[in-house]
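To keep things clear, I will list the structure first and then write my remarks on it.
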Amino acid sequence: MELDLRFESVHEGILVSGTANVEVTGECGRCLEPLRYEHEVDVQELFFYSDSESLSGEDEELHRVESDSVALEPVLRDAVVTSLPFQPVCRDDCKGLCSECGARLNDDPDHHHEILDPRWSALAGLAGNAAENDAAPKSESDEREES
Ligand SMILES: [Zn+2]
Ligand SMILES: [Zn+2]
């Protein structure tokens with residue numbers, strides 16, 4: 001992790017701002033290929049002096065300067081985690097995995113499955129008939145117009 005931070009003394013405490021460059025590793029949310037990329041996040045956090053008068057018991061959320069030092073780790077972790085995409089992908093048009101067999105569709109764009117089993121085609125026919133039967137009553141119109 002590379003940090004480019006500035007520490008400024010302000011009235012209430014120390015203002016830390018800058019950028020953190022982190023290497024993100026994970027896997028593509030669609031095809032599960034391993035991912036590794038550089039990710040830069042902006043960091044800005046104010047650490048309050050512990051004896052600052054503006055602080056009272058209810059401000060547990062605030063970061064503080066303790067023993068003349070600041071705890072950067074939780075701040076950096078929050079900044080990085082909240083900036084990461086919910087579902088990272090290896091590329092925007094990643095085609096993911098075949099839902100039938102799990103093949104990587106990026107490697108084989110023409111990949112598809114023919115349904116050759118006659119039992120399946122019989123089922124497909126049943127499904128077609130059911131759809132036709134359902135459609136019939138819906139075609140009746142029941143429009144009344146008052147003039
Ligand atoms: Zn992918
Ligand atoms: Zn497949």
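No experiment lies behind these values; they were computed from the predicted model shown. Below, all heavy atoms of this structure are taken into account, side chains as well, without hydrogens, waters or symmetry copies. Whatever order the structure lists them in is the order used to number ligands and atoms, beginning at 1.
Atom NE2 is the N/O/S atom of H111 found closest to the Zn ion (ligand 2).
With R30 contributing its side chain and D92 its backbone, the two residues share a donor-acceptor pair below 3.5 Å.
Using a 4.5 Å heavy-atom cutoff, the side chains of Y37 and C90 are not in contact.
For the pair SG of C31 and SG of C90, the angle whose vertex sits at the Zn ion (ligand 1) is 110° to 10 degrees. Rounding to the nearest 10°, we obtain 110° for the angle at the Zn ion (ligand 2) between C98 SG and C101 SG.
H113 lies close to the Zn ion (ligand 2), since one of its N, O or S atoms is found at a distance under 2.8 Å.
Between Y49 and V10 the shortest heavy-atom distance is CE1-O, 4.1 Å. Counting all heavy atoms, side chain and backbone alike, C31 lies closest to N106 at SG-ND2, 4.2 Å.
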